[in-house]
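Remarks on the structure that follows.
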Amino acid sequence: MCGIVGYIGPKEVVPVIIEGLRRLEYRGYDSAGIAVSGAAPSTDASGVMQLRRAPGKLRNLETVLHDNPVTGTYGIGHTRWATHGRPTEENAHPHRDCTGSLVVVHNGIVENYLALKKELTAAGHRFVTETDTEIIAHLIEEQIKQAPGIHLEEAVRRAVKHLTGAFAIGVLSANEPDKLVAARFGPPAIIGIGDGEYFLASDVPGILHHTRNIHFLADGELAILTREGVTLTDFDGKPLPLKTQRITWDPIQAEKAGYKHFMLKEINEQPRAIRDTTLGRISLDTGKVFLEKLDLSADEIRNASQITIAACGTSWHAGLAGKFMIERLARLPVEVDYASEYRYRDPIADPRAIGLLITQSGETADTLAAQAELIAKGSKTLAICNVVGAAITRKAAGTITTNAGPEIGVASTKAFTGQLTALFLLGLHLGQVRGTLTDAESLHLVNELSRIPGKLEMMLNLPAAPQSVVPVPVPDRRSQSRLSLTAQCEELARVFHTANDFLFLGRGIHYPIALEGALKLKEISYIHAEGYPAGEMKHGPNALIDETLPVVCIATKDASDPASVLKYEKTLSNIQEVTARSGRVIAIATEGDTEIGQLVEHTIYIPPAPELLLPLLEVVPLQLLAYHIAVRRGCDVDQPRNLAKSVTVE
């Protein structure tokens, strides 16, 4: 995720852009840059756009600008979260074409950049960075070379048709002064209309202090900003009307991007969060997993005695699911502890054990204390964290960032699925190093992981990412509910929002998801809810069941996995125990399962997936169910009582 701010108008451009980037710095951490033109000495005699770039935080760019200033009345800036290429000055945006007169900033990923780079290199283009974004600058340059005299916007239209992936781009050319071209397919981009000045940004907070008149650029739209105003077309050049909205939100509300609550926004961001967590870490050709920031040798992985996971709350549930993933994929024992309990049980020292800390913020006091205890006992520690440079990552031997982006809702959603994704990648990596996975198994699982975002987009009725690498089959819904997932959860909320208690059941890797579903409900709706292993029903919880108790059963299966089918059959028996006692069952089931619908009152179907990846799909309806119940009960969804996003005290 990256921050973009562009400006055309009468003001000095650098302060406008830097101020906007500062408000968007949460969207990018590792480098920043700015390109400026419109007044000397912003361009030299040859018309080369002047750039200033710096690795690291935005303040580093400000230092560069202080030492070597530029001036102008139009320009564009960028803060970056690296996807391709190390966080260096060379790899920072904006990126240039061969002439240096054309620059591009980009948020997203060009999936076919290697093929394009090969073609452009053959055509004589010279590349100087490790990024996919530089491809776009050269691709636009190539369109101009092939059709001399075309305007910048036409060159951009022709170029984007060659791109596979997701992108929000801003383009400037010193040869066409006072013009900024923007295009979007995937990541957000907005146009701001001020009084004789015009803005481009990746999110509203970046320009809200200048204008509240905003056009939200839609997928397939291209905008041309000049001093005369803003013109909008589609990618074929067909004119489109500007749909300006007056933003009345304050800056923190503006970040909701039109959603009623941050939680709902973040639920819908999960496909993107999973994509970004896998980005650059898997090969769809070989099945290999690349975790370059783990300071563990192959011998240390092979000789490890166990993995010790410590985490809190939702992250602990992710750790429990990770136990099933790692043990099955890498055949390595896993212990999962509450971080708040770990150091107080006087754990046994084992220098061959690898400690794994899971935390959204990287600042959770209990988890930091567990990390210190693990290090004191002689263990190397790894971290799974959503915040680059957080405290826990500075002490860890290696980190897997979840790349979910800032999560503002207190009840974690996209950070959780990011953690599950990171744990699955870690399990694959450990299994590949330890030799417990064949190449064919790795390739199959990596490709199945790449399909998960598309399946989630289908479940959430979101626009699919353009030209996905792996096509997602459309399931046959003829015998299943025609209601959308959201509509189903809204209807269930209407029926059950007055309940005083809920029970959530699951077996195997689905048990942690039952725990997470119960936690989401109690966090934001204040309904008492418990998660249980389905097999434990007869050992106590059966006493609670009557006609007033909703019971959510996770009853999915991987039809190609005999162990998964066996657990499913056992879960059906547990469901029958509940219905025999008049319990009201809501089942989460796999599409194509017609048997379960005959047994329960309500069924929510999810797409099929391998057993270890089903949790990434199962948890979404549980999140939406909790959300809609909380909304119907009039609760503060984003800021539930007595809770905070990051717990920084023990």
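Not measured: the values here are computed from a predicted model.
For Glu327 and Lys323, the salt-bridge test passes: some basic side-chain N is under 4.0 Å from an acidic carboxylate O. Ion pair Lys567/Glu611 flagged as a salt bridge, since at least one NZ, NE, NH1 or NH2 atom sits closer than 4.0 Å to an Asp/Glu carboxylate oxygen. Electrostatic pairing of Arg345 and Asp337 counts as a salt bridge here, judged by a charged N lying under 4.0 Å from a carboxylate O. The pair Lys377-Asp350 does not meet the salt-bridge criterion, since no charged nitrogen lies less than 4.0 angstrom from a carboxylate oxygen. Ion pair Asp638/Lys265 not flagged as a salt bridge, since none of the NZ, NE, NH1 or NH2 atoms sits closer than 4.0 Å to an Asp/Glu carboxylate oxygen. Note on Lys520 versus Glu516: salt bridge recorded, some NZ/NE/NH1/NH2 to OD/OE distance being below 4.0 Å. A salt bridge is defined here as a Lys NZ or Arg NE, NH1 or NH2 lying under 4.0 Å from an Asp or Glu carboxylate O, and Arg59 with Glu62 fails to meet this definition. For the pair Glu457 and Arg275, the salt-bridge criterion is met [side-chain N within less than 4.0 Å of a carboxylate O]. Salt-bridge annotation for Glu266 and Lys414: absent, with no side-chain N of the basic residue lying under 4.0 Å from a carboxylate O of the acidic one.
In this structure, Leu357 CG and Tyr342 OH are separated by 9.5 Å, a value rounded to the nearest 0.5 Å. Rounded to the nearest 0.5 Å, atoms CG (Leu332) and CD1 (Ile354) are 6.5 Å apart. Here Ile586 contributes atom CD1 and Phe504 contributes atom CZ; the two are 7.5 Å apart, rounded to the nearest 0.5 Å.
Side-chain polar atoms of Glu618 and Thr556 form a donor-acceptor pair below 3.5 angstrom. Looking at Thr308 and Gln306, their side chains do bring a donor and an acceptor atom within 3.5 Å of each other. Between the side chains of Gln419 and Ser315, at least one donor N or O lies within less than 3.5 Å of an accepting N or O.
Looking at heavy atoms from C-beta onward, Leu515 lies out of side-chain contact with Tyr532 at the 4.5 angstrom threshold. The side-chain heavy atoms of Thr402 and Thr417, taken from C-beta on, include no pair separated by under 4.5 Å. Contact check for Leu430 versus Ile307: side-chain heavy atoms found under the 4.5 Å cut-off. Counting only heavy atoms from C-beta outward, the side chains of His429 and Leu294 approach each other to under 4.5 Å. Counting heavy atoms from C-beta on, the side chains of Leu485 and Cys489 come closer than 4.5 Å. Taking 4.5 Å as the limit, every side-chain heavy atom of Lys288 sits out of range of all side-chain heavy atoms of Ile282. Within the 4.5 Å cutoff, no side-chain heavy atoms of Cys385 are placed close to those of Thr401. Using a 4.5 Å cut-off on side-chain heavy atoms (C-beta onward), Val334 and Phe324 make no contact.
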_Full working for side chain to side chain contact (heavy atoms under 4.5 Å, CB included) between Val620 and Leu456_ = CA-CA 8 Å; Val620 174; Leu456 284 174; 3.5 Å; yes
*asked:* For Lys293 and Ile400: C-alpha separation, side-chain torsions, deciding distance, then whether side chain to side chain contact (heavy atoms under 4.5 Å, CB included) applies.
replied: CA-CA 7 Å; Lys293 294 185 179 180; Ile400 306 175; over 6 Å; no
*asked:* Could you walk me through whether Phe416 and Ser412 satisfy the side chain to side chain contact (heavy atoms under 4.5 Å, CB included) test, starting with their C-alpha distance in whole Å, then the side-chain angles of each, then the deciding distance to 0.1 Å, before giving a yes or no?
replied: CA-CA 6 Å; Phe416 177 68; Ser412 181; 4.2 Å; yes
*Could you go step by step and tell me if Tyr627 and His261 meet the ring pair (Phe, Tyr, Trp, His ring centres under 6.0 Å) rule?*
CA-CA 10 Å; Tyr627 171 79; His261 296 99; 5.5 Å; yes
*Apply the test side chain to side chain contact (heavy atoms under 4.5 Å, CB included) to residues Ile274 and Thr277: give CA-CA distance (whole Å), side-chain angles for both, the deciding distance (0.1 Å), then the verdict.*
CA-CA 5 Å; Ile274 292 171; Thr277 299; 5.7 Å; no
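Lys522 NZ: more than 12 foreign heavy atoms inside a 6.0 Å radius.
A distance-only check finds no donor-acceptor pair linking the side chain of Gln488 to the backbone of Ile604 [under 3.5 Å].
Classified by interplanar angle (parallel below 30°, tilted 30° to 60°, perpendicular above 60°), the ring pair His93/His106 is parallel.
With Leu614 as the fixed residue, the side-chain contact (heavy atoms from CB on, under 4.5 Å) test singles out one of Ile606, Ile513, Ile554, Ile509: Ile606.
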